[in-house]
K.L.:
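A single structure is presented below for examination.
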Number of protein chains: 2
Amino acid sequence: MAKGTIKAASERADLLPLISEVFRSHGYEGATLALIGEATGLGKGSLYHFFPDGKAQMAAEVLAEIDHWFEVNIFAALRKSDDPVRAIAEMTAGVDRYFHSGHRVCLVGVIALGASRDIFAAQVQDYFSRWNDALALALRRAGFSAGVSRRRSADALLTIQGALVLARALDDAKVFGQAMADMKARLLAK
Amino acid sequence: MAKGTIKAASERADLLPLISEVFRSHGYEGATLALIGEATGLGKGSLYHFFPDGKAQMAAEVLAEIDHWFEVNIFAALRKSDDPVRAIAEMTAGVDRYFHSGHRVCLVGVIALGASRDIFAAQVQDYFSRWNDALALALRRAGFSAGVSRRRSADALLTIQGALVLARALDDAKVFGQAMADMKARLLAK
DNA sequence: GACTCTCTGTACCGATCGGTACAATCTTCC
DNA sequence: GGAAGATTGTACCGATCGGTACAGAGAGTC
């Protein structure tokens with residue numbers, strides 16, 4: 001086993017984060033089974049044992065896992081918190097953490113832009129619209145009108161996505177930090 | 001010649017827009033020579049006659065053409081106009097036109113996010129930083145401080161990119177229109 | 001008409017793609 | 001220990017990838 005990985009990840013759950021990074025940095029079509037095998041330390045035999053439907057299943061499960069992370073760590077608080085201002089502050093902190101302060105790219109965004117979008121359109125749309133709804137709800141509860149809440153919510157989501165694109169394009173993570181600060185201020189502005 | 005295309009584009013210059021759309025909708029790795037041949041009505045022989053270095057050259061020339069379009073239609077006015085407010089208004093109008101009101105994706109952004117980013121990093125960075133500089137200059141001339149100008153400029157660029165991502169993810173071009181209106185207001189706000 | 005140069009279609013190349021088949025192994029439980 | 005199931009490596013599949021070779025069509029020039 002002279003592979004680059006320390007140890008084959010035997011648990012199925014341990015596999016997804018590794019596969020996730022391959023999709024993230026190569027896109028759906030660029031993520032070959034060879035790369036995935038290399039990243040996980042697993043051969044095709046094992047990969048197809050865990051994911052009988054192959055690459056499409058891997059991507060779908062990775063997307064589901066990302067969705068779950070945001071659901072638990074971001075959306076839930078936005079929906080249920082009795083302190084919406086704090087929930088929004090936690091959202092920006094969580095987003096900054098998740099995207100490694102702009103060094104990590106958003107897989108859902110990558111897929112939305114790519115050719116594979118059609119295959120995962122439903123999952124992608126669901127992810128963003130549930131985020132959008134949760135954030136708008138928090139803004140409503142913070143006292144803003146329905147229209148303002150929805151407008152600001154979409155603005156925040158698109159700011160995050162755009163900041164990731166521009167930070168990567170300019171190879172300058174400071175762009176992301178500045179954008180997050182601006183976004184936060186804009187969300188709760190009088 | 002039972003191809004789907006009306007007529008083979010004989011002029012080299014006519015080829016680039018067709019190839020551009022293939023890269024746009026399939027990404028760099030997803031844009032196969034078969035697809036490019038189909039879109040242009042040209043076989044490999046012709047393709048490699050016009051672009052001896054193959055796919056990478058095609059993408060580089062497409063990027064150069066996009067760069068040139070923005071240089072002429074957007075950046076130049078931003079830099080030289082004696083009416084910066086009008087130049088900025090023209091920029092948002094031009095951007096809206098270019099991206100078909102949010103229905104068309106930004107190829108430079110797509111490449112920035114993809115695995116092919118490394119190959120075209122210099123071109124991608126140059127495109128965005130020249131836009132950034134030109135817009136910041138216009139804002140300075142409109143009376144804003146250097147810091148505010150640069151901050152607003154980056155914000156505008158990232159808003160455009162994010163709006164394109166979110167509009168496509170939600171399959172809702174209205175998101176783009178709203179974001180452009182917000183961006184314009186924010187650029188020139190007191 | 002023959003020479004040139006541009007342009008094109010087609011056959012082909014080795015490499016790699018996603019996916020399958022399957023025998024060998026490792027676990028687990030009795 | 002031995003049966004049963006989970007897990008694995010490897011060989012292999014047809015298709016397609018980007019790219020090359022090259023013969024010949026087409027157009028212009030003398």
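Naming convention: chains lettered A, B, ... in sequence-line order (proteins, then strands); numbering from 1 in each chain. Hydrogens, waters and symmetry mates are skipped; everything else that's a heavy atom, side chains included, is used.
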K.L.:
Identify which nucleotide among D:dT20, C:dT6, D:dC17 has an atom closest to any side-chain atom of B:Ala34, counting heavy atoms from C-beta outward.
P.N.:
D:dC17
K.L.:
Can you identify which nucleotide, out of D:dG19, D:dT8, C:dG18, has its nearest atom closest to the B:Leu33 side chain?
P.N.:
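So the side chain of B:Leu33 is nearest to D:dG19.
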K.L.:
Contact class for A:Ala56 vs. all strands (heavy atom < 4.0 Å): base, sugar-phosphate, or nothing?
P.N.:
nothing
K.L.:
Picking from D:dA6, C:dT8, C:dG19, which would you name as closest to the side chain of A:His49?
P.N.:
D:dA6
K.L.:
Just checking B:Gly54: base, sugar-phosphate only, or nothing, at a heavy-atom cut-off of under 4.0 Å?
P.N.:
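Sugar-phosphate, backbone atoms only, no base.
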K.L.:
Hey, does the side chain of B:Arg117 reach the backbone of B:Ile111 with a donor-acceptor pair shorter than 3.5 angstrom?
P.N.:
no
K.L.:
Where the side chain of A:Thr32 is concerned, which of D:dT8, C:dG18, C:dT8 is the nearest nucleotide?
P.N.:
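Among D:dT8, C:dG18, C:dT8, the one nearest the side chain of A:Thr32 is C:dG18.
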K.L.:
Set out, in order, the CA-CA distance, both residues' side-chain angles and the distance that settles salt bridge (charged side-chain N to carboxylate O under 4.0 Å, His left out) for A:Asp133 and A:Arg79, then state yes or no.
P.N.:
CA-CA 9 Å; A:Asp133 291 347; A:Arg79 278 196 217 99; over 6 Å; no
K.L.:
Are the side chain of A:Arg152 and the backbone of A:Leu139 linked by a donor-acceptor contact shorter than 3.5 Å?
P.N.:
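No; zero donor-acceptor contacts below 3.5 Å.
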K.L.:
If I take atom CG in residue A:Leu35 and atom P in nucleotide C:dC17, what distance separates them, rounded to the nearest angstrom?
P.N.:
7 Å
K.L.:
Among C:dT8, D:dT20, D:dT8, find the nucleotide with the atom closest to the side chain of B:Lys44.
P.N.:
D:dT20
K.L.:
Please report how far the helix from C:dG1-D:dC30 to C:dC30-D:dG1 bends, comparing the axis fitted to its first five pairs with the axis fitted to its last five, to the nearest 10 degrees.
P.N.:
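Computed from the C1' atoms at both ends, the axes differ by 0°.
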